[in-house]
Amino acid sequence: FGPIYKKMMMFTPDEKRYSAGTVYNLNVDVSKKGESVVVPMDLVKDMLRKAKYIASTYACICRDANDCQSYPKDVCCLFMSNSGRTVVDHKVGYQISLEEALARVDKAASLGLVGQALFVEVEQFIWGFSNATMENFIEMCFCCPCCCVAFNLSKNASRMVKQRFHHSGWQSLIDGNKCNGCGECIKPCPQAALSLDAGNKAVVNLEYCVGCGICKTHCPVDAISIKQTQPMLGSVQEYFLVDERLDLKIED
């Protein structure tokens with residue numbers, strides 16, 4: 001890995017900016033039916049509408065590498081504005097229309113995939129971004145629980161790395177009256193945020209929970225819901241600015 005590491009260091013910005021992500025659950029529960037509530041999907045679509053250019057990779061890198069049989073490989077990452085142009089210039093993706101991008105968000109939601117807005121420092125080397133354009137780099141991924149590299153990294157990472165992955169105001173909550181203590185939700189959690197308490201009931205560590213909803217899909221007794229625990233911010237970019245001091249630009 002020596003030569004690769006040295007080459008990566010050539011691309012490292014003077015002011016270190018670490019990989020970070022915000023999870024946008026595309027299938028969150030709306031507590032009060034009929035009430036107008038901003039949900040994570042709204043922010044994802046708003047980000048796409050603001051972008052002057054949108055590009056898609058040819059296939060999801062994670063699912064393609066793992067030859068995923070559970071989810072389609074073509075419901076894959078989107079890059080906005082200058083980052084999208086760079087992906088196309090390097091022939092690892094193609095331009096798509098806003099309508100196609102919005103349809104992909106809906107398709108991802110229907111498949112139960114999880115939206116993640118990611119800034120990944122190593123991808124400066126992978127995609128060929130220069131230091132001067134890294135502020136334009138942001139990707140929207142549609143992640144499956146079986147193959148996602150970001151989820152797997154976070155699950156097995158240190159506390160410091162886990163805290164770079166943030167929820168967007170929605171997190172898992174468990175109804176202790178319904179929970180039967182089966183533990184089916186614990187292993188799939190990408191943040192290792194769930195455990196059984198002394199009463200053999202599942203509990204959530206909200207410090208780590210990113211509200212992805214993977215635990216909910218594994219609960220056989222419907223004891224888990226995804227509820228709003230904090231007010232949402234106004235945009236995807238604002239989450240990166242507040243949480244990681246990354247002033248990402250998608251409108252250039």
Side-chain angles (χ1 to χ4, degrees), residues 21-51 54-64 66 68-80 84 93 96-118 138-152 154 165-173 185 188-191 193 209-219 222 224-230 232-239 250:
T22 305
V23 173
Y24 297 89
N25 190 302
L26 304 177
N27 289 289
V28 298
D29 303 319
V30 177
S31 301
K32 297 179 181 178
K33 303 300 181 184
E35 181 182 347
S36 178
V37 178
V38 175
V39 294
M41 182 189 280
D42 295 331
L43 294 193
V44 172
K45 289 187 172 182
D46 181 63
M47 176 176 69
L48 293 171
R49 292 188 181 101
K50 289 178 178 176
I54 306 171
S56 167
T57 52
Y58 289 111
C60 171
I61 294 175
C62 300
R63 285 194 281 280
D64 193 43
N66 289 283
C68 185
Q69 301 299 308
S70 301
Y71 300 92
K73 300 180 180 67
D74 61 349
V75 184
C76 50
C77 298
L78 299 175
F79 293 79
M80 277 59 70
I96 66 171
S97 68
L98 172 61
E99 291 71 24
E100 290 173 308
L102 296 177
R104 181 168 300 178
V105 177
D106 291 330
K107 179 67 172 178
S110 71
L111 292 167
L113 297 174
V114 179
Q116 283 199 90
L118 295 168
I138 184 170
E139 61 181 301
M140 175 56 64
C141 297
F142 304 103
C143 306
C144 61
C146 42
C147 303
C148 177
V149 170
F151 277 152
N152 290 332
S154 180
F165 292 84
H166 309 278
H167 65 86
S168 55
W170 299 73
Q171 295 181 284
S172 297
L173 297 178
C185 60
C189 175
Q191 285 282 69
C209 176
V210 291
C212 64
I214 291 174
C215 57
K216 176 177 170 62
T217 65
H218 285 81
C219 179
D222 196 30
I224 302 176
S225 58
I226 309 300
K227 300 292 185 181
Q228 190 167 19
T229 60
Q230 293 180 20
M232 293 184 65
L233 300 179
S235 67
V236 169
Q237 303 98 295
E238 194 174 345
Y239 281 97
I250 65 167

Would a 4.5 Å heavy-atom cut-off, applied to side chains only, mark [X] and [Y] as touching?
X	Y	result
Phe142	Leu26	yes
Thr22	Glu238	no
His166	Val210	no
Tyr24	Gln116	no
Cys77	Ser56	no

Using a strict threshold of under 4.0 Å (side-chain N to carboxylate O), is an ion pair present between Arg104 and Asp74?
no
To the nearest 0.5 Å, what is the distance between [atom1] on [X] and [atom2] on [Y]?
X	Y	atom1	atom2	value
Ile54	Leu98	CD1	CG	5.0 Å
Glu139	Met80	CD	CE	8.5 Å
Ser168	Asp42	OG	CG	11.0 Å
Leu173	Ile226	CG	CD1	7.5 Å

N/O donor-acceptor pair under 3.5 Å between Asn25 side chain and Cys212 backbone:
yes
Backbone N or O of Ala59 within a donor-acceptor pair of the Thr57 side chain at under 3.5 Å?
yes
What closest approach, in Å, do Val38 and Met232 show between heavy atoms, and which atom pair accounts for it?
O-SD, 3.5 Å
